[in-house]
Number of protein chains: 2
Amino acid sequence: METSNLKKAGLKVTLPRMKILEILESSETRHLTAEAIYRELLDSGEEIGLATVYRVLTQFEAAGLVCRLHLEGNQAVFELERGGHHDHIVCNQCGRVEEFFDETIERRQREIAQHHGFAIKDHALVLYGDCNDSACPHRPA
Amino acid sequence: METSNLKKAGLKVTLPRMKILEILESSETRHLTAEAIYRELLDSGEEIGLATVYRVLTQFEAAGLVCRLHLEGNQAVFELERGGHHDHIVCNQCGRVEEFFDETIERRQREIAQHHGFAIKDHALVLYGDCNDSACPHRPA
DNA sequence: GATAGAAATGAGAATCTTGATCATCTGAGC
DNA sequence: GCTCAGATGATCAAGATTCTCATTTCTATC
Ligand SMILES: [Mn+2]
Ligand SMILES: [Mn+2]
Ligand SMILES: [Zn+2]
Ligand SMILES: [Zn+2]
């Protein structure tokens with residue numbers, strides 16, 4: 001039951017929180033904007049306000065249930081904190097997002113931060129390029 | 001003369017563009033928000049609108065004269081395109097920014113993108129942590 | 001140097017995303 | 001079921017950036 005995640009996080013189990021968590025768990029797309037979640041809620045007949053979606057997502061982030069990413073444009077996307085940390089590649093043409101994890105990069109980041117006297121806490125890494133997906137409007141030949 | 005940069009970029013040489021370029025070249029801080037540039041313009045007696053600052057910076061970016069970064073918060077910072085590419089470390093406590101370049105990371109990024117079938121065009125990498133500067137409000141012991 | 005046309009600017013409105021306010025509602029414990 | 005702290009929804013507000021459009025400024029030409 002997903003409610004356990006909420007309880008563990010010290011969050012009261014409410015209908016909006018459950019529904020939002022459900023959407024994050026079941027959506028095809030792993031990276032969702034607040035608006036996209038809001039629309040899915042409306043589509044499924046839930047009358048939940050956009051402000052609540054933003055509020056809940058921010059709480060989920062603080063609780064470590066989701067992470068907030070800035071991949072493109074000016075809209076943040078949220079994704080469920082599943083396995084472990086990873087970074088992202090975004091297609092400039094079609095917006096497709098792929099995930100990767102590279103221990104070499106992670107290690108170098110730690111070393112670099114240390115050299116500069118920083119106690120590293122986090123990082124944001126996004127690669128941008130053109131994908132070769134058949135659905136991509138600008139598929140390199 | 002800095003006007004040559006503008007001409008090379010195919011931009012008409014105007015007073016606002018020259019002044020903004022001057023500020024980017026002479027400022028102590030290498031990373032400036034549009035607002036910070038706007039304030040410097042006001043301080044030096046120039047009556048240039050904030051909209052113009054944003055417009056010109058966007059044009060400079062398109063021309064490759066500056067690059068736009070999202071380091072923290074929701075305000076972009078701009079920096080003059082000097083030597084070559086580099087990435088950034090930001091202190092979570094005091095906001096200090098340091099720059100670095102690591103060929104290992106750059107190479108891995110290219111390899112990863114290739115593995116995923118992406119023709120990599122760009123990337124954004126920012127490390128976040130606590131710095132050890134004596135002026136930093138939260139200096140780790 | 002004056003002139004004309006294209007391009008750039010400035011002021012303010014507009015937009016977009018996100019957070020704040022506050023009256024009302026709901027869930028967890030008793 | 002009752003209570004009340006906490007959550008929600010509607011709306012408003014804020015911050016960053018862009019847009020609109022009348023006015024001004026470059027640049028090229030004479
Ligand atoms: Mn992801
Ligand atoms: Mn820099
Ligand atoms: Zn694509
Ligand atoms: Zn610091």
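In this text, all values refer to a predicted model and were calculated from it rather than measured experimentally. Below, chains carry the letters A, B, ... as their sequence lines are ordered, and counting in each starts from 1. Note that these values count all heavy atoms, side chains included, but never hydrogens, waters or copies made by symmetry.
Between the CD atom of Gln59(B) and the C1' atom of dT18(D) there is a distance of 13 Å, given to the nearest Å. When the P atom of dA14(C) is taken as reference, atom CG of Leu50(B) falls 18 Å away, rounded to whole Å. As a whole-Å value, the separation of Asn74(B) CG from dA13(D) C1' is 15 Å. To the nearest angstrom, P of dT15(C) lies 17 Å from CD of Gln75(A). Atom pair Leu6(A):CG and dG6(D):C1' shows a separation of 14 Å (rounding to whole Å applied).
For the ring pair (Phe, Tyr, Trp, His ring centres under 6.0 Å) condition, no pair includes a residue of residues 91-111 of chain B, sequence neighbours left out. For the side-chain hydrogen bond (donor to acceptor under 3.5 Å, both in side chains) condition, the pairs that include at least one residue of residues 48-67 of chain B, sequence neighbours left out, are Arg17(B)-Gln59(B), Thr52(B)-Arg55(B), Thr58(B)-Arg68(B), Glu61(B)-Arg68(B).
The shortest distance between side-chain heavy atoms of Arg96(B) and His116(A) does not fall below 4.5 Å.
At a threshold of 4.5 Å between side-chain heavy atoms, the hydrophobic network of Ile, Leu, Val, Met, Phe, Trp and Tyr places Val56(A) and Met18(A) in one connected group. Note on Phe60(A): it clusters hydrophobically with Tyr38(A), by side-chain heavy-atom contacts below 4.5 Å among ILVMFWY residues.
Residues satisfying the ring-ring contact (aromatic ring centres under 6.0 Å, His included) criterion with His70(B), sequence neighbours excluded, are absent altogether.
Glu103(B) CD: more than 12 foreign heavy atoms inside a 6.0 Å radius. Within a 6.0 Å radius of CD in Gln114(B), no more than 12 heavy atoms belonging to other residues, nucleotides or ligands are found.
Atom CD1 of residue Ile112(B) and atom CD1 of residue Ile120(B) lie 8.5 Å apart, to the nearest 0.5 angstrom.
With hydrogens and angles disregarded, a donor-acceptor distance shorter than 3.5 Å links the side chain of Arg82(A) to the backbone of Glu25(A).
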Its contact letters, B for base, S for sugar-phosphate only and - for none at protein heavy atoms under 4.0 Å, make nucleotides 19-30 of chain D read BB-----BS---
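Listed pair Thr52(A) / dA7(D) fails the phosphate criterion, with no side-chain N or O lying under 4.0 Å from OP1 or OP2.
Fit an axis to the five pairs at each end of the helix from dG1(C)-dC30(D) to dC30(C)-dG1(D) and the two axes sit 30° apart, to the nearest 10 degrees.
Taking every heavy atom of residues 32-49 of chain A and every atom of DNA chain C, no pair lies under 4.0 Å.
You'll find that the side chain of Tyr54(A) is closest to dG19(C), out of dT17(D), dG19(C), dT9(C).
The side chain to side chain donor-acceptor pair (under 3.5 Å) test with His88(B) is passed by exactly one of His31(B), Glu72(B), Glu98(B): His31(B).
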